[in-house]
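Whatever order the structure lists ligands and atoms in, that order sets their numbers, starting from 1. Fair warning: this is a prediction, and the values are worked out from it, not measured in the lab. As a basis for the values below, the full set of heavy atoms in this structure was taken, side chains included, without hydrogen atoms, waters or symmetry mates.
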Amino acid sequence: MTDYSPPNRVRPDRLQPSPEADTVTGHRHDSVVPLIRWSIMTADRAWPRLTGIAYGGDYNPEQWPREVWRQDVVLMREAGVSLVSVGIFSWALLETREGVFDFSWLDELLDLLHENDIAVDLGTPTASPPAWFFASHPEARVVTRDGVTMGFGSRGMASHSSPAYREAIVRIADALARRYAQHPAVVLWHVHNEYGVPVGEDYSEQSVRAFRNWLRERYGSLDGLNAAWGTAFWGQHYTEWEHVGAPAAAPSVVNPAQRLDFARFTDHQLRECFIAEREAIRAHATQPITTNFMANQSWGTDLWAWAREVDIVSDDHYLWAADPEGEIGLAIAADLSRSLAGGEPWILMEHSTSAVNWQPRNIAKRPGEMARNSLAHLARGADAILFFQWRAGRAGAEKFHSAMLPHAGTRSRVWREVVELGQGLGRLAELQGSRVRADVAVLWDFESFWAQGLEWRPSVDVDYAERVRAYYERLWRDGVTVDFAHPSQDLSGYRLVVAPAQYLLSVDDAERLNRYVEQGGTLVVSFFSAVVDEHDAVHEGGFAAPLHPALGVRVEEHLPLREGEKAAVDWRGERRLSADVWQEDLDPGNAEVVATYAEGPAAGGAAITRNRHGSGTGWYVSTRLSSTDLASVLDAVYDDAGIVPPRHPDGLEVVTRHGADADYLVAINHRAEPARLAASGVELLTGTRVPGALEVAGGGVAVIRLDARPTGGGRTTP
Ligand code: GLA
């Protein structure tokens, strides 16, 4: 079973107790422990051998002649580039035929980069096997759920369960590590690229065989499998292991427990491939090893489990152009990356200087937007700001993707902003290793998302990503910094835990949440949570039954609304909140009814409840409120949790990073108008003194080293 405790790469015997732990509340509010961890960690091997905030991007020189390489390094130095990712898609040029290697070009390239003081994050090229591989191993191709065998000419394409593929990835990873483990330019290893896309589920024969073996190990017997999958339903009972298959497309909906297990199996197979490469590298090399996640933009991998396998978390994030407030999705990605890293610094492995090329409408970033995006990642804990890619490629599927050096060359706005950002990051070196702290955790559970995403749910309008965004957005607008957490984690350090989309919740994890409340925590649970157990079976006792101690309510029936139907909620007789998508027949028991349904099928019934349990409080919100209407709920919740939200001017994003010697405010103004920020210190990008307040220019950014650390008193969550 997956261990979801947060990753801790520091040997416990080298940790020191927290001298400032609050013995009354048990809440973390000191800066000492994280900083001790950090200094130990850097002395170990978890962060690349780099100083300051790393800057750079994916570099694909194999697409260019040698003279361009020499121009590249000159321009990289001009831009302040300190780290480039190399070789991610170079397999066909490194292993030209099975077992025949040509490292001459990479030797030359790494030497050139090293001579120019540019460090290398060396990729293993296993996301793109060469043509010769598929010619020799046609069975290694991926088969889709509909039975289509995938062709060549793209990337991905290989079955992660294929023995031939697994042999080949270890061979190339081993060969690279043997050759470059000692190369002075190499400070980090980058295994594969974005596991889970474009290849996730695979329905090939080898995958089906591996799935059977995985199930045998998980369930031990067919009886165990039949029980877990509820195969008495629709006559699916199995009598032979050989009859158990992958959940391929079928005339009607396929068993959801089988599909959920296939998602878990797929994640497991991908992770095994990562581990095989990682071990091949570790046999020769001591540099840290990572693979680039897509924290909130791909859901196929259980990143809590992956985070335990990498030496350092790295993430790729691209703005969704259709979202007019893409900065909120960006903040989710960054907070999730930091949380996956257990609070340690992480690498923004890829983002874009301007437009991408793969969305329906690829919107170019406007002046200042790239810097705002970069600083927002840094504010939330990234100590490396990297892009896809260094130089815009002329050929291939990504030629319309922006780059640090665009097709227009150095006489361009993008290049000027790239140089300016490099200079700016150069002035922020002292932030390296400083930490972000949060009093609020939002639950994030990939398995629950997989299960909820399957067919035949009560309403297609219920969307887990939308609910996470709505609650997060409310917290973001209130200036409250948030961690993400898995429900099995120790949550006792948080004043507030929000569960916006916890459809699947095991009884054990529910008990943990009940205890969290009993011991003084504040918990907010949104509708359609704690509905099923880990086999996608409805909990005994009914929907949300395992959370009854914390919430005090019984959900009698789900009452989804018609498309577009609105149903108002009456908040404490004071105001009406607009709701849609969902109502419930709720028995509030002894919980306080804070809001009732003013209309709709549950009119007159309880809509939002608040329950005292032990010394804490459990809130249940049984309908869909917009992030604006959620303000009423969260304002009351903040009171229960003892949180004073800082509420900066509209559109001014402010996050604090806590360092060994100072605290830093990172401020990003997403509005066109200037915004005032109260602070005393030094603005590091300009070197100017901030005498009590700073006007952050419209669209601008600021990083202030504070004169003094905030002292106790009224608790805020900046
Ligand atoms: C992904 C990949 C990159 C590139 C970018 C383009 O994140 O990792 O190789 O394709 O997208 O946005």
Amino acids in close contact with ligand 1, where any non-hydrogen atom sits under 4.0 angstrom away: F89, R155, N193, E194, D316, Y318, E350, W358, F388, E398, H401
Aromatic ring pairing H377/W346, orientation class (parallel under 30°, perpendicular over 60°, tilted between): perpendicular
Any donor-acceptor pair under 3.5 Å from R657 side chain to V666 backbone: no
Whether N60 side chain and V86 backbone form a donor-acceptor pair below 3.5 Å: no
OG-CE distance between S314 and M294, expressed to the nearest 0.5 angstrom: 10.5 Å
Ion pair D335/R338, N-O distance below 4.0 Å: yes
Residues which pass ring pair (Phe, Tyr, Trp, His ring centres under 6.0 Å) with H137, listed by chain and number, not counting sequence neighbours: F133
